[in-house]
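First the proteins, then the strands, lettered A, B, ... as listed; each starts at 1.
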Number of protein chains: 2
Amino acid sequence: MSERRVRRATIADVAGLAGVSTATVSRVINHAGTVAPETARHVRAAIETLDYRPHAAAQVLARNRTNTIGLVFPEISGYYFASLLRGIAGGAGTYGYDLLIYSAQESATYRTAFQYPVGEQNTDGLLVFTDGLPEGELRRLHARGFPVVLIHWSPPAGLEIPSVTTENKASAYRLVDHLIGVHGRRRIVFLAGPEEHEDSHWREKGYRQALEAHRIPIDGALIAAGGSDREVARATVARLLRDGLDFDAIFAGDDDSATGALTALLEAGRRVPEDVALVGFDDIDIAQHLNPPLTTVRVPVEQIGREAVGQLVHLIRTGEADLLTLLPTQLVIRRSCGCNVVH
Amino acid sequence: MSERRVRRATIADVAGLAGVSTATVSRVINHAGTVAPETARHVRAAIETLDYRPHAAAQVLARNRTNTIGLVFPEISGYYFASLLRGIAGGAGTYGYDLLIYSAQESATYRTAFQYPVGEQNTDGLLVFTDGLPEGELRRLHARGFPVVLIHWSPPAGLEIPSVTTENKASAYRLVDHLIGVHGRRRIVFLAGPEEHEDSHWREKGYRQALEAHRIPIDGALIAAGGSDREVARATVARLLRDGLDFDAIFAGDDDSATGALTALLEAGRRVPEDVALVGFDDIDIAQHLNPPLTTVRVPVEQIGREAVGQLVHLIRTGEADLLTLLPTQLVIRRSCGCNVVH
DNA sequence: GTGAAAGCGCTAACAC
DNA sequence: GTGTTAGCGCTTTCAC
């Protein structure tokens, strides 16, 4: 197919047709200043006739605000991401901001420029998910006083950048405590995420504290890589099983990993939870549909997204925001831990 | 925390510091025209010193192109969405376009304006997923010759708008044919999606043709609502089971529904695939981790996203694009259909 | 209540 | 190889 483009109407065209000045048209568009009802009607009629849309860039230039929020993240994947984006898109909509997104994974190929595709030049503020931006860029933005809010990670040392995340440590503690206290498990595997994954770090802390509280010595052999990646978790658990490691439970770090761990367990003929209890973290949509349904911690992902937008908008408008927002979680007991719940 | 904003440098500041005109700075920024190497070095030094970033809106206004692609969709959810967005974000990056996204779910609250938050005023072209935009807006854009590409749906009658989707009917046919031909199933439930869900419509066509090919009469009782929503699928299958409907297989419409159907089946004590064979569509990440692993059709979701961007960019740049792009699928046999595959 | 006009920061045509 | 300058389409101040 092929198209011929139609010339777009400008504010001057509208003004001409309505027999008023561009200033008046602008007032009508923005519901600003005072315009006689009759005049306004003419203007609106002209807008309709010409199918006029204010040119966004021209407005931005004149107003000196973009009315746009930028979102940066390292990679797009999984249920978790979709929920977070839903919250962010919803929040942006609520506050009347547009959403410009940039995923770091796409960059390498073509970015030779000296700038990120999203930043001060095209947004009023940035939301950065986990380690979406290198420290240098973060420092630069901070030095310029450009509004930034972090999601699911903390600023580098010395940078006072607000961040929004969830109560990882205490929740992990409760989860592992449940495994030990209620189900008598003592050889609990923890699948740790990558170094830079802060959530995993705090969850491991909670895991360790729970063991200590029950006077169970920490066994390094039980802590293995696999958090935050389904396939890695699957491979890791398969390996532990092959190696004949003795364990009676797995805390998978997150639900995605739990999924992989479950597959490995079933493939090896282990019964869950009879032979090995399994718990995750996040409560992604699929958790309740696993077989057995997964015991986990519900993270209010969508709400985290909304809250982050709220903090950012506040920062943009007032220059102020809470340095740390910690959203509460909830233990979700299903069957994979050994409980026998009707759900 | 609180911030003080720093004044941003303009092209004039850079020109001043480097002792050249703004035109020269512009040439350096855009690698356009000719600039003496020595001069360019000075300019770059000035840019560095002032931490200068070209104001995006000013560039847009002067160039008369936004270099931005808009993405519109009705709702954000599931693995499918994440994969699609990954493809789109990747494609946009490859072609050097920014990505502005808008989810219809956010609108109602605050949009009183006469325009969608994404359109001719702030993008060079639009990607519209399923029924993300009402027909009226589509017609308006089309009338203006504004570049639009549809993903996973067709244009309303009479509108020649390019669309990118996948081979639904033929794939559904092969899937159901497998259930009948290989596993001897004859009472196959189909979980249909909502009316406006085109994919579901074509998949149902494939389902019907496969039955006909095997001379199995279509039984209306076997076609029930539930496609494209996990919870609806679960409830529907639970009801069919309660009602004592006789069936030996389920074609769930998509993997999300298959997940819900599986839960309902297991809760009712049915064995999959022994009592009831189950197949899905899409091959979302989780499909292989279900228990039993799900037999399904692999839809190249990420590639669909990339291809859509490719078509849109071509349309923007040349005014031409393919009216229909149909991406091929692949049957993925796992165990939920009754096959006994090592995977 | 309305209009004139000065920018907003940049690009690109043209002149030198 | 580089500078001058006229827009790009809008908002907003200041007059009237």
Side-chain angles (χ1 to χ4, degrees), chain A residues 5-44 46-47 50-68 113-115 119-124, chain B residues 5-44 46-47 50-68 113-115 119-124:
Chain A
R5 248 148 261 183
V6 176
R7 179 182 165 278
R8 298 182 44 199
T10 70
I11 198 170
D13 299 329
V14 176
L17 182 57
V20 299
S21 72
T22 60
T24 296
V25 176
S26 175
R27 289 184 188 108
V28 172
I29 294 170
N30 301 298
H31 311 98
T34 50
V35 179
E38 182 69 354
T39 314
R41 275 196 28 249
H42 286 146
V43 171
R44 275 190 291 267
I47 288 177
L50 298 173
D51 191 20
Y52 167 73
R53 297 283 184 283
H55 192 298
Q59 291 183 309
V60 168
L61 196 56
R63 289 176 177 149
N64 197 30
R65 323 180 263 105
T66 64
N67 232 281
T68 300
F114 53 95
Q115 67 175 43
E120 11 164 10
Q121 73 281 1
N122 51 13
T123 64
D124 292 344
Chain B
R5 248 148 264 184
V6 176
R7 180 184 165 277
R8 297 182 45 198
T10 70
I11 198 171
D13 298 329
V14 175
L17 182 58
V20 299
S21 72
T22 60
T24 296
V25 176
S26 176
R27 289 185 188 107
V28 172
I29 294 170
N30 301 299
H31 311 98
T34 50
V35 179
E38 181 69 354
T39 314
R41 277 198 24 250
H42 287 146
V43 171
R44 276 191 290 267
I47 287 176
L50 297 173
D51 191 21
Y52 168 72
R53 297 282 183 284
H55 191 299
Q59 291 182 310
V60 168
L61 195 56
R63 289 176 178 150
N64 197 28
R65 330 180 256 105
T66 64
N67 233 280
T68 299
F114 52 94
Q115 67 175 43
E120 12 165 8
Q121 73 280 1
N122 52 13
T123 64
D124 292 344

Query raised in the report: Just checking B/V20: base, sugar-phosphate only, or nothing, at a heavy-atom cut-off of under 4.0 Å?
Result: sugar-phosphate
Requested in this report: Just call it for A/T24: base, sugar-phosphate, or nothing, with non-hydrogen atoms closer than 4.0 Å on any strand.
Outcome: sugar-phosphate
Which heavy atom of [X] sits nearest a heavy atom of [Y], and at what distance?
X: B/N122; Y: A/A56; answer: CB-CB, 3.7 Å
X: B/P54; Y: B/Q59; answer: CB-NE2, 3.4 Å
X: A/A46; Y: A/A18; answer: CB-CB, 4.0 Å
X: A/R27; Y: A/T34; answer: CD-O, 4.1 Å

Requested in this report: Indicate yes or no: at least one non-hydrogen side-chain atom of B/N67 is less than 4.5 angstrom from one of B/V60.
Outcome: no
**Report entry** Any side-chain heavy-atom pair of B/V35 and B/V43 under 4.5 Å
**Finding:** no
Rounded to whole Å, please give me the gap between [atom1] in [X] and [atom2] in [N].
X: A/I11; N: C/dG7; atom1: CD1; atom2: C1'; result: 15 Å
X: B/Q59; N: C/dC8; atom1: CD; atom2: C1'; result: 14 Å
X: B/N30; N: C/dA13; atom1: CG; atom2: C1'; result: 15 Å
X: B/R63; N: C/dA12; atom1: CZ; atom2: P; result: 7 Å

Report task. Can you check whether any acceptor in the base of C/dG3 is under 3.5 Å from a donor in the side chain of A/R27, or vice versa? Result -> yes
Query - Under 4.0 angstrom between A/T34 side-chain N/O and C/dG1 OP1 or OP2 - result: yes
Under 3.5 Å, side-chain donor or acceptor atoms of residues 7-15 of chain B against the rest of the protein: list the pairs with distances, not counting sequence neighbours.
| residue | atom | partner | partner atom | Å |
| --- | --- | --- | --- | --- |
| B/R7 | NH1 | B/D13 | OD2 | 3.3 |
| B/R7 | NH2 | B/D13 | OD2 | 3.2 |
| B/R8 | NH1 | A/E120 | O | 3.1 |
| B/R8 | NH2 | B/R53 | O | 3.0 |
| B/T10 | OG1 | B/A12 | N | 3.2 |
| B/T10 | OG1 | B/D13 | N | 3.4 |
| B/D13 | OD2 | B/T10 | N | 2.8 |

Report task. Please tell me which of B/H55 and A/S21 maps to the more 5' nucleotide of DNA chain C, matching each residue to the nucleotide holding its nearest heavy atom. Result -> A/S21
Query raised in the report: Between CZ of B/R63 and CG of B/N30, what distance do you get to the nearest 0.5 Å?
Result: 5.0 Å
Report summary line: Nearest-nucleotide check on DNA chain D, B/A23 vs A/L61; residue mapping nearer the 5' end is B/A23
Query raised in the report: Starting at the 5' end of DNA chain D, which residue's closest nucleotide do you reach first, B/A40 or A/A58?
Result: B/A40
Requested in this report: Walking along DNA chain D from 5' to 3', note the first and the last nucleotide with an atom under 4.0 Å from a heavy atom of chain A, and give both.
Outcome: D/dG9 to D/dT13
Query raised in the report: Side chain of B/T68, backbone of B/T123: donor and acceptor closer than 3.5 Å?
Result: no
Query - Estimated bend of the helix from C/dG1-D/dC16 to C/dC16-D/dG1 (axis per five terminal pairs, rounded to 10 degrees) - result: 30°
